[in-house]
Amino acid sequence: MTTATAHEAHDDHGPARGLSRWLFTTNHKDIGTLYLLFSLLMFFIGGAMAMAIRAELFEPGLQFVNPMFFNSLTTMHALVMIFGAVMPAFVGLANWLIPMMIGAPDMALPRMNNWSFWILPFAFTLLLSTFFMEGGAPAGGWTIYPPLVLQTGDAFPFLIFAIHLMGISSIMGAINVVVTILNMRAPGMTMMKMPLFVWTWLITAYLLIAVMPVLAGAVTMLLTDKYFGTSFFTAAGGGDPVMFQHIFWFFGHPEVYIMILPAFGIVSQIIPTFARKPLFGYSSMVYATASIAFLSFIVWAHHMFTVGMPLAGELFFMYATMLIAVPTGVKVFNWVSTMWRGSMTFETPMLFALGFVVMFTIGGFSGLMLAIAPVDFQYHDTYFVVAHFHYVLVTGAVFAIMAGAYYWLPKWTGNMYNERLGKWHFWLSTISVNVLFFPQHFLGLAGMPRRIPDYSIQFAEFNMISSIGGFAFGLSQLLFAYIVFSTIRGGAKATDKVWDNPEGLEWTLSSPPPYHSFTTAPEVK
């Protein structure tokens with residue numbers, strides 16, 4: 001089916017019928033679009049909070065917001081970006097692409113698919129409404145550690161209920177992915193013929209099903225501590241606040257990989273296309289993904305080296321964390337090997353994929369530094385940690401999502417985006433994001449704590465540079481929104497093999513490219 005034909009047949013149930021089409025749709029493409037648009041909205045809401053944070057930190061002293069509201073901003077920025085922007089974007093990509101990649105007519109559970117999306121707007125309405133409640137939004141950090149978070153006022157149950165709704169949505173989406181992939185592959189589409197994006201999402205879905213109930217249990221115990229007289233985490237009643245950290249990070253560390261594994265899948269689709277070569281080491285990529293997922297369950301306490309755990313515990317979590325670098329290194333090696341001696345072109349999706357490989361690797365190296373227990377005592381809860389996880393989540397997950405958006409936009413819309421503007425967006429984003437986050441390594445090494453609205457004068461220059469980069473990065477994303485919506489509205493018509501030969505190159509390889517434009521699996525005989 002050509003792209004144009006696919007675009008005309010976008011709704012399998014007939015022509016668009018206004019609002020009801022979007023409210024009640026069970027079409028995987030419509031639901032994927034809803035997820036992606038919701039994600040984009042949340043990206044800008046969370047980004048606005050980040051702009052307020054960087055404005056306050058532009059110079060020492062308290063300029064714009066009071067300290068309590070600043071703490072609320074840091075909490076809500078993280079919750080909105082993680083559960084509202086990154087995860088729904090990946091679920092939207094999964095909805096759009098997995099059925100097409102495995103030859104299925106739709107997702108396995110289409111009505112549940114609709115429900116899993118429509119829970120999200122209500123969850124985030126609850127979450128964001130806490131800004132307007134007496135006492136303000138929760139200010140305990142996104143990790144919602146007791147006893148601090150238990151001092152939250154009327155907003156607390158709204159926070160807990162919103163997290164439960166997000167978890168329900170995630171679990172339903174994950175079940176749908178697993179059932180679709182295991183039961184609805186086309187004849188001949190064996191597991192080891194599936195595109196890497198499908199593999200990474202299958203493994204991610206299992207992670208979601210395993211860890212979201214852990215988060216639900218932890219926040220429910222917080223709720224009963226506050227309102228029902230229990231003492232799970234209240235030291236005065238015999239509870240242990242550190243136990244919450246163990247439970248939370250048993251969810252929280254696999255969650256980090258939930259946000260990066262689908263990004264690995266996207267990049268593993270894009271790099272072979274623009275290198276005009278098959279992906280190097282397909283099976284090793286599958287096994288590396290599974291290894292990362294398994295190891296993610298046994299490293300949670302590397303977030304907690306400073307709580308006073310036994311030396312044997314510190315050593316175990318240190319070595320287990322360093323071990324994750326091995327399968328991750330395999331992936332980076334395979335991406336570079338795929339590009340080696342390929343017929344490379346550098347359209348916008350490839351630029352974002354290359355930016356991902358380089359800058360995600362920087363985040364990986366700083367993660368290795370944090371894994372080393374003795375020096376983590378210096379780095380812990382400083383801006384070095386902030387720089388590390390933003391290199392993983394912004395230049396990692398977000399860059400991969402943008403790469404995927406540019407790569408598949410012609411497939412989704414039937415229109416070609418503006419390539420020149422796309423490249424402007426890449427370079428503005430790449431330069432500004434490094435100006436934003438790289439100085440934070442130095443701030444952290446010098447001892448600046450995270451989550452503070454005011455700071456000592458010696459940190460002023462790097463904070464000012466970081467804030468300038470933040471404002472530039474935020475403004476750059478307005479260009480991304482313009483490109484996306486202008487492509488949806490119209491533009492040059494895309495062909496069904498738009499990436500095959502974008503610059504008129506003659507083939508130098510003995511055979512045509514293995515990945516034609518949007519088709520991401522080889523033809524099954």
Side-chain angles (χ1 to χ4, degrees), residues 25-36 38-39 82-120 123 165-186 189-216 251 254-269 285-286 289-290 292-294 296-297 397 400-401 404-405 408 411-412 520-521:
T25 181
T26 55
N27 182 305
H28 71 99
K29 298 173 184 176
D30 287 343
I31 294 170
T33 301
L34 286 169
Y35 267 111
L36 289 165
F38 177 81
S39 163
I82 290 167
F83 295 107
V86 174
M87 289 173 66
F90 282 136
V91 178
L93 291 168
N95 267 292
W96 249 104
L97 299 166
I98 287 175
M100 294 194 288
M101 286 181 171
I102 64 172
D106 205 313
M107 296 295 278
L109 306 162
R111 293 188 201 181
M112 191 169 86
N113 206 11
N114 176 285
W115 191 26
S116 67
F117 169 75
W118 281 110
I119 286 173
L120 286 179
L165 288 176
M166 296 170 206
I168 291 166
S169 172
S170 294
I171 290 170
M172 290 200 299
I175 290 170
N176 215 345
V177 167
V178 171
V179 177
T180 303
I181 294 171
L182 295 186
N183 290 346
M184 296 184 67
R185 298 191 308 280
M189 174 62 74
T190 62
M191 296 289 277
M192 294 307 285
K193 285 182 179 173
M194 295 194 311
L196 249 294
F197 180 76
V198 181
W199 259 116
T200 54
W201 241 113
L202 178 64
I203 292 166
T204 300
Y206 276 114
L207 285 179
L208 275 167
I209 293 165
V211 303
M212 292 310 292
V214 177
L215 177 66
F251 147 80
E255 168 66 21
V256 173
Y257 290 95
I258 286 164
M259 290 188 286
I260 203 65
L261 290 182
F264 291 166
I266 294 168
V267 171
S268 299
Q269 301 299 136
M285 291 291 252
V286 173
T289 307
I292 290 168
F294 169 75
S296 73
F297 280 98
I401 290 164
W408 284 299
K411 172 65 171 175
W412 297 335
T520 41

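On a predicted model such as this, the values are computed, not experimentally measured, just so you know.
Shown here is Trp115, whose CH2 atom has no more than 12 heavy atoms of other residues, nucleotides or ligands within 6.0 Å.
Taking 4.5 Å as the limit, some side-chain heavy atom of Pro213 sits within range of a side-chain heavy atom of Ile171. You'll find the side chain of Ser170 reaches within 4.5 Å of the side chain of Met87, heavy atoms only. In this structure, the side chains of Trp199 and Leu202 come closer than 4.5 Å at one or more pairs of heavy atoms. For the pair Trp408 and Ile266, the minimum side-chain heavy-atom distance is below 4.5 Å. Ile98 is not listed as a side-chain neighbour of Met101, based on a closest heavy-atom distance of 4.5 Å or more. Between Leu207 and Phe297 the shortest side-chain heavy-atom distance falls below 4.5 Å. For the pair Lys29/Met100, a side-chain contact is recorded, criterion being any heavy-atom separation below 4.5 Å from C-beta on.
Interatomic distance, Ile258 CD1 to Phe90 CZ, rounded to the nearest 0.5 Å: 11.5 Å. For the atom pair Leu208 CG and Ile203 CD1, the distance stands at 12.5 Å (nearest 0.5 Å). Between atom CG of residue Leu34 and atom CZ of residue Phe117 there is a gap of 4.5 Å, rounded to the nearest 0.5 Å. A distance of 5.5 Å separates CD1 in Ile119 from OG in Ser169, rounded to the nearest 0.5 Å.
Within the 3.5 Å criterion, the main-chain N or O of Thr26 finds no donor-acceptor partner in the side chain of Asn114. Listed for the Ser39 side chain is a donor-acceptor partner under 3.5 Å among the backbone atoms of Ala85. Judged by distance alone, with hydrogens and angles left aside, the side-chain atoms of Trp96 form no donor-acceptor pair with the main-chain N or O of Gly32 at under 3.5 Å. Listed for the Thr200 side chain is no donor-acceptor partner under 3.5 Å among the backbone atoms of Phe264. Under the 3.5 Å distance criterion, the side-chain polar atoms of Gln269 are matched with a main-chain donor or acceptor of Phe197.
Scanning all heavy atoms of the two residues, the minimum distance from Arg185 to Met191 falls at NH1-SD, 3.4 Å. Heavy-atom minimum distance, Ala397 versus Ile260: N-CD1, 3.7 Å.
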Intermediate values then yes/no, side-chain contact (heavy atoms from CB on, under 4.5 Å), Phe83 and Leu120:
CA-CA 9 Å; Phe83 295 107; Leu120 286 179; over 6 Å; no
Trace of the side-chain contact (heavy atoms from CB on, under 4.5 Å) decision for Met107 with Met184
CA-CA 8 Å; Met107 296 295 278; Met184 296 184 67; over 6 Å; no
Run the side-chain contact (heavy atoms from CB on, under 4.5 Å) test on Trp412 and Leu36 for me, step by step, so that the C-alpha distance in whole Å, both residues' side-chain angles and the decisive distance to 0.1 Å come before the verdict.
CA-CA 12 Å; Trp412 297 335; Leu36 289 165; 3.7 Å; yes
Trace of the side-chain contact (heavy atoms from CB on, under 4.5 Å) decision for Thr204 with Met259
CA-CA 8 Å; Thr204 300; Met259 290 188 286; over 6 Å; no
Run the side-chain donor-acceptor check on residues 172-182: report pairs under 3.5 Å with partners two or more places apart or on a different chain.
unit_1	atom_1	unit_2	atom_2	d
Asn176	OD1	Leu109	N	2.9
Asn176	ND2	Leu109	O	3.0
Thr180	OG1	Ala108	N	2.9
Thr180	OG1	Asn176	O	2.6

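Val91 pairs by the side-chain contact (heavy atoms from CB on, under 4.5 Å) definition with Tyr35, Asn95, Trp201, not counting sequence neighbours. With sequence neighbours left out, the side-chain hydrogen bond (donor to acceptor under 3.5 Å, both in side chains) criterion links Thr289 to Lys331.
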